[in-house]
2 protein chains.
Amino acid sequence: MAPTRAHDPRPFKRLKHDHRRCVTTALARAAKVCAASGGRLTALRRWVLELVWQSHRPMGAYDILAALGQKRETVAPPTVYRALEFLRAQGLVHRIESLNAFIGCDQPGEPHSGQFLICRACGRAAEMADGRIDAAMRCGLAEAGFTLERPTVEALGLCPDCRPCAEAGHA
Amino acid sequence: MAPTRAHDPRPFKRLKHDHRRCVTTALARAAKVCAASGGRLTALRRWVLELVWQSHRPMGAYDILAALGQKRETVAPPTVYRALEFLRAQGLVHRIESLNAFIGCDQPGEPHSGQFLICRACGRAAEMADGRIDAAMRCGLAEAGFTLERPTVEALGLCPDCRPCAEAGHA
DNA sequence: CGGCAGGATGTTATCTTATAACATAACGCC
DNA sequence: GGCGTTATGTTATAAGATAACATCCTGCCG
């Protein structure tokens, strides 16, 4: 099946938006996804998901670990990695390979291979699902006789909000 | 301006090929590139490059470290990382983000943003430069108002040689 | 020749990221 | 309640990467 995820041509959110809304909808969707799949969204897992959604910047596993440490006495790495693995399997978070970091998925449930735009200035990352990129990859890989299983598409650069500042900085 | 690298629609080499040839041409090209850029291809750097080219499988920095350890008394991580950084700056090796590993570039000199096909069965990786993928990314990112600086395109899957075996294994 | 400036390498220590292996606890079902 | 399964806790260590400083080499200038 082809990815059914809707393509948002403006993947970066406004700098000022009601972020609590992002979090609550993410948690609601997570509950839905888990209910459908039979996965158990435990307190710990929900907590980790909430932490990942603290901002639109990818978060390292050890950042999450530290944040969890604020709320609980002792937390060890496997705790966090296991929760992240579960969330990833459910399609609720993605891993950004080029950053060794994790970010929440804003359209879980829809099968898709995300494309990530990472701003080197503000650190935010946004997910895209441009069908043309998907199609071009499938095409090129098919010609190469390659069976694609897991694509990784990540773009490092400047987001629309940081572009002007960075350019000013150059002058 | 645009990448001038030639697109090879069959990026994977035959399983049996004269690999010494790959190595010698890679070293020759490296010498040329460094001569042109003014970079100093020292014995150590050449050695690391040669190790990266030992096979068509991406090699971890610590694999290189261990291999170097065979030939020299003591080698420490920074030695290897510095050599790799130099080679990368010269465009002679690429880093595969999703593997934390390095692979030799077979067309250095030509500016390009590589696309990597990684076989999960045999571990080989091949570099591609499909202009359609490049174009699709540039297009999608431009619409998003994003300034692309460093694209990462990696595809995990099955190479043409491993596809049949893996499919047989499923049956 | 002698010395000096830069770049390259050596050395030590440490940091970040991730997982293996095993123990315990919670849950869901009959 | 007992039992199998799943989730979490705990300890230790593997794997990947860099900071900071010392030393050495090399080419160049006087």
Side-chain angles (χ1 to χ4, degrees), chain A residues 30-31 34-35 37-52 57-90 92-103 118 123 152 154, chain B residues 30-31 34-35 37-52 57-90 92-103 118 123 152 154:
Chain A
C34 288
S37 73
R40 288 169 52 191
L41 188 58
T42 64
L44 175 66
R45 289 166 173 174
R46 181 174 10 245
W47 217 330
V48 168
L49 181 60
E50 212 169 327
L51 286 170
V52 166
R57 292 130 101 98
M59 205 171 179
Y62 279 72
D63 297 333
I64 296 168
L65 187 65
L68 262 184
Q70 305 283 346
K71 299 276 180 180
R72 306 170 55 133
E73 319 74 52
T74 62
V75 198
T79 301
V80 170
Y81 280 101
R82 283 191 289 231
L84 286 170
E85 193 194 339
F86 168 83
L87 295 170
R88 199 141 70 103
Q90 300 287 325
L92 298 170
V93 307
H94 293 290
R95 180 187 158 85
I96 310 280
E97 300 292 345
S98 59
L99 297 179
N100 294 334
F102 300 84
I103 192 165
I118 306 152
T152 299
E154 298 172 9
Chain B
C34 288
S37 73
R40 287 170 52 190
L41 188 58
T42 63
L44 174 66
R45 289 166 174 174
R46 182 174 10 243
W47 216 330
V48 168
L49 181 60
E50 211 170 327
L51 286 170
V52 166
R57 294 130 102 98
M59 207 173 178
Y62 278 71
D63 297 334
I64 295 168
L65 187 65
L68 262 184
Q70 304 283 347
K71 299 276 179 180
R72 305 169 58 133
E73 319 74 53
T74 62
V75 199
T79 301
V80 169
Y81 280 101
R82 283 192 288 230
L84 285 171
E85 193 194 338
F86 168 83
L87 295 170
R88 200 140 71 101
Q90 299 287 325
L92 298 169
V93 308
H94 293 291
R95 180 189 159 85
I96 310 280
E97 301 292 346
S98 59
L99 297 179
N100 294 334
F102 300 83
I103 193 166
I118 305 153
T152 299
E154 297 172 9

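The sequence lines fix the lettering, A, B, ..., with proteins before strands; numbering per chain opens at 1.
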How many whole angstroms separate atom [atom1] of [X] from atom [atom2] of [N]?
| X | N | atom1 | atom2 | value |
| --- | --- | --- | --- | --- |
| B/Ile96 | D/dA17 | CD1 | P | 13 Å |
| A/Arg45 | D/dT8 | CZ | P | 5 Å |
| A/Glu85 | C/dT19 | CD | C1' | 10 Å |
| B/Tyr81 | C/dT11 | OH | P | 19 Å |
| A/Arg82 | C/dT19 | CZ | P | 12 Å |
| A/Leu99 | C/dA18 | CG | C1' | 16 Å |
| B/Asn100 | C/dT17 | CG | P | 11 Å |
| B/Phe86 | D/dT18 | CZ | C1' | 20 Å |

Between B/Gly39 and B/Ala76, the residue closer to the 5' end of DNA chain C by nearest nucleotide is B/Gly39
Which residue lies more 5' along DNA chain C, comparing B/Ala43 with B/Pro78 via nearest heavy atoms:
B/Ala43
Quick one: closest heavy-atom pair of A/Met59 and A/Leu51, and the distance?
SD-O, 3.2 Å
Taking every heavy atom of B/Ala101 against every heavy atom of B/Pro58, the minimum-distance pair comes out as CB-CB, 3.6 Å
For the side chain of B/Arg40 and the base of D/dG27, is some donor closer than 3.5 Å to an acceptor across the two?
no
Spell out yes or no: do the side chain of B/Tyr62 and the base of D/dA17 have one donor N/O and one acceptor N/O closer than 3.5 Å?
yes
Can you work out whether B/Asp63 or A/Thr42 has the more 5'-proximal nearest nucleotide on DNA chain D?
A/Thr42
Taking only the side-chain heavy atoms of B/Thr79 (C-beta and beyond), determine which of C/dT11, C/dA8, D/dG9 contains the nearest atom.
C/dT11
From C/dT19, C/dT9, D/dT8, pick the nucleotide closest to the side chain of A/Arg72?
D/dT8
Return no unless some side-chain N or O of B/Thr74 is found under 4.0 Å from OP1 or OP2 of C/dT11.
yes
Is A/Arg45 reaching over with its side chain to a backbone N or O of A/Arg40, donor-acceptor style, under 3.5 angstrom?
yes
Can you tell me if B/Glu154 and B/Ser98 form a side-chain donor-acceptor pair at under 3.5 Å?
yes
If I take atom CG from residue A/Leu92 and atom CZ from residue A/Arg46, how far apart are they, to the nearest 0.5 angstrom?
11.5 Å
